[in-house]
Amino acid sequence: MATTQPKAMSLHIGVNVVNAAHYAGWEGPLTACEFDAKDMAALALGQGIKPTTLLTRNATRAKVLTALRAAAKALKKGDYFMLTFSGHGGQVPDVDNEEADERDETWCLYDGQLIDDELYLELTGFAAGVRILMLSDSCHSGTVAKNGPPGPFTAPSGPAPRWMPFTIGERVYRQNKTFYDRLQRECTKASGGRSVDPDEALANVGLSGRVSGAAKQMKASVILIAGCQDNQSSYDGEHNGAFTEALLATWDQGKFKGNHAQLHRKTRARLPDRQSPNLFTLGPAKAFLAQRPFAV
């Protein structure tokens, strides 16, 4: 009997500039995010994965959510989905008080922020047995945005950090408070009345009933490799973001033969101490973690 080849899809988001009309006049220009998305799409295609690429003006909230839902609808047990994001990380105040830092982390898409709660809920829509690899080359930390790093990010001529400054984030939130508060409350309602804390669930550190209940909704096997630790920043570059550049060098056009944990460890070893990629899992990911990355 012939074995059916698993279906594989990917979504690659690269945002070099955001729409100032939705970000209180801030555009947050970056250089290499579109390069990152294109290079990761090329990697996916080379592995037999069907890529979708959303760059800057096309990386809208509606198009990202539509693409995620289309993948969730199309993929079944044994199938594969890769999701990559390169751009600014941001924050909005947590109206449900679920986050220890009272902030919800976001991806800064072109026309608005995608809250981590939303992303988490979209992932719960994937079927059991789907393997999901997420690579986020952005800052995802409340610590960085609220308190800043211990010293200056870099020399003026050096690469830019991929985070929306806290003062800008506050201004953006004030001008769009009704919208972002509504999104958070809709996420809480959709999760059965529980506040979903993706950061705690992804890190597997929450043992409360709320977090355990939220984590139980995840049927897919999810691995997230993020560009930096909570108290660090992911840096932009001329041709790729620092994290994406290190990951591609580790992958070495397919010569890399290790598993996801080894990919993370060797990518991390290529970066300076100021930027150390992090790895999280969610759902039944143990077997997936031991597999070769990007293997359909």
Side-chain angles (χ1 to χ4, degrees), residues 2-13 36-37 39-54 64-86 107 114 116 118-137 140 196 198-199 201-204 214-227 243-244 247-248 250-251 253-268 277-296:
T3 302
T4 302
Q5 176 73 9
K7 183 181 293 186
M9 302 171 65
S10 62
L11 174 61
H12 308 281
I13 306 163
D36 290 346
D39 288 345
M40 293 308 300
L43 187 159
L45 190 62
Q47 292 297 112
I49 301 167
K50 182 181 179 182
T52 295
T53 305
L54 295 175
V64 168
L65 289 169
T66 295
L68 287 172
R69 290 164 187 170
K73 184 177 181 179
L75 299 177
K76 308 300 180 187
K77 181 178 180 180
D79 292 342
Y80 184 94
F81 182 61
M82 177 165 58
L83 171 62
T84 72
F85 173 76
S86 288
W107 283 351
L114 183 74
D116 55 8
E118 295 181 273
L119 179 58
Y120 180 91
L121 283 174
E122 294 301 328
L123 296 181
T124 65
F126 283 79
V130 175
R131 295 163 293 150
I132 301 174
L133 174 62
M134 291 174 54
L135 302 170
S136 181
D137 195 343
H140 57 98
V196 179
D199 299 321
L202 285 169
N204 291 323
K216 287 178 182 177
Q217 296 183 58
M218 186 63 64
K219 303 180 291 293
S221 302
V222 182
I223 295 171
L224 165 63
I225 303 179
F243 167 66
T244 300
L247 185 141
L248 289 171
T250 302
W251 176 245
Q253 296 185 333
K255 295 183 179 69
F256 176 81
K257 302 300 181 184
N259 59 29
H260 289 92
Q262 291 165 328
L263 178 72
H264 163 252
R265 184 168 64 249
K266 292 187 177 184
T267 298
R268 181 169 175 164
N278 215 342
L279 185 149
F280 304 107
T281 64
L282 186 61
K286 184 177 180 180
F288 184 30
L289 196 63
Q291 295 175 7
R292 185 169 183 255
F294 317 118
V296 177

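For clarity, every value in this text was computed on a predicted model and none was experimentally measured. Just so you know, these numbers use all the heavy atoms, side chains as well, and skip hydrogens, waters and symmetry mates.
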J.: Hey, could you give me the CG/CD1 distance between L224 and I132, rounded to the nearest 0.5 Å?
T.: 11.0 Å

J.: Tell me the closest heavy-atom pair linking L65 and E118, and the distance in Å.
T.: CD1-OE2, 4.4 Å

J.: Report the C-alpha separation of T281 and L279 in whole Å, then their side-chain angles, then the decisive distance to 0.1 Å, and conclude whether the side-chain contact (heavy atoms from CB on, under 4.5 Å) test is met.
T.: CA-CA 7 Å; T281 64; L279 185 149; 4.1 Å; yes

J.: So for atom NZ, which belongs to K257, do other residues, nucleotides or ligands contribute more than 12 heavy atoms lying within a distance under 6.0 Å?
T.: yes

J.: List the residues meeting salt bridge (charged side-chain N to carboxylate O under 4.0 Å, His left out) with R292, not counting sequence neighbours, and say none if there are none.
T.: none

J.: Could you go through residues 40-48 and list every donor-acceptor pair under 3.5 Å that involves a side-chain atom there, pairing it with any protein atom two or more places apart or in another chain?
T.:
residue, atom, partner, partner atom, Å
Q47, NE2, F294, O, 3.2

J.: Hey, is the main chain of F81 close enough, under 3.5 Å, to the side chain of R131 for a donor-acceptor pair?
T.: no

J.: With distance as the sole test, does D36 use its side chain to make a donor-acceptor pair with the main-chain N or O of S86 at under 3.5 Å?
T.: no

J.: Considering residues at least two apart in sequence or located in another chain, which fulfil the side chain to side chain contact (heavy atoms under 4.5 Å, CB included) criterion with K255?
T.: D252, Q253

J.: Could you check V64 against F85 for side-chain contact (heavy atoms from CB on, under 4.5 Å), going step by step and ending with a plain yes or no?
T.: CA-CA 11 Å; V64 168; F85 173 76; over 6 Å; no

J.: Closest heavy-atom contact between N259 and L289?
T.: CB-O, 3.5 Å

J.: Quick one, H264 with I223, criterion side-chain contact (heavy atoms from CB on, under 4.5 Å). Give me CA distance, side-chain angles, the key distance, then yes/no.
T.: CA-CA 11 Å; H264 163 252; I223 295 171; over 6 Å; no

J.: Where is the tightest heavy-atom contact between P6 and G78, given as atom of each residue plus distance?
T.: CB-O, 3.3 Å

J.: Rounded to the nearest 0.5 Å, what separation is found between the CG atom of L54 and the OG1 atom of T84?
T.: 10.0 Å

J.: What pair of heavy atoms forms the shortest contact from S136 to W107, and how long is it?
T.: OG-NE1, 3.3 Å

J.: For F243, enumerate each residue passing the ring pair (Phe, Tyr, Trp, His ring centres under 6.0 Å) test, keeping only those at least two apart in sequence or located in another chain.
T.: none

J.: Can you give me the closest heavy-atom contact between A74 and M9, atom names plus distance?
T.: CB-SD, 3.9 Å

J.: To the nearest 0.5 angstrom, please state how far the CD1 atom of I13 sits from the OG1 atom of T52.
T.: 10.5 Å

J.: Just how far is it from atom CE of M218 to atom CG of L121, taken to the nearest 0.5 Å?
T.: 8.5 Å

J.: Does anything in residues 65-80 pair up under side-chain hydrogen bond (donor to acceptor under 3.5 Å, both in side chains), and if so which pairs, sequence neighbours excluded?
T.: R69-E122

J.: Counting C-beta onward and ignoring hydrogens, is there a side-chain heavy-atom pair between L263 and T250 closer than 4.5 Å?
T.: yes

J.: Under the rule for side chain to side chain donor-acceptor pair (under 3.5 Å), what residues qualify as partners of Q262, not counting sequence neighbours?
T.: none

J.: With heavy-atom distances below 4.5 Å as the criterion, would you say the side chains of L119 and L68 are in contact?
T.: yes

J.: Taking only residues two or more places apart in sequence, or in another chain, which ones meet S221 in a side chain to side chain contact (heavy atoms under 4.5 Å, CB included)?
T.: P284, A285, F288

J.: For the CD1 atom of I225 and the OG1 atom of T267, what is their distance to the nearest 0.5 Å?
T.: 6.5 Å

J.: Which residues pass the side chain to side chain contact (heavy atoms under 4.5 Å, CB included) test with A37, not counting sequence neighbours?
T.: H12, T53, L55

J.: Looking at every heavy atom in both A71 and F126, which two are closest together, and how far apart are they?
T.: C-CE2, 3.7 Å

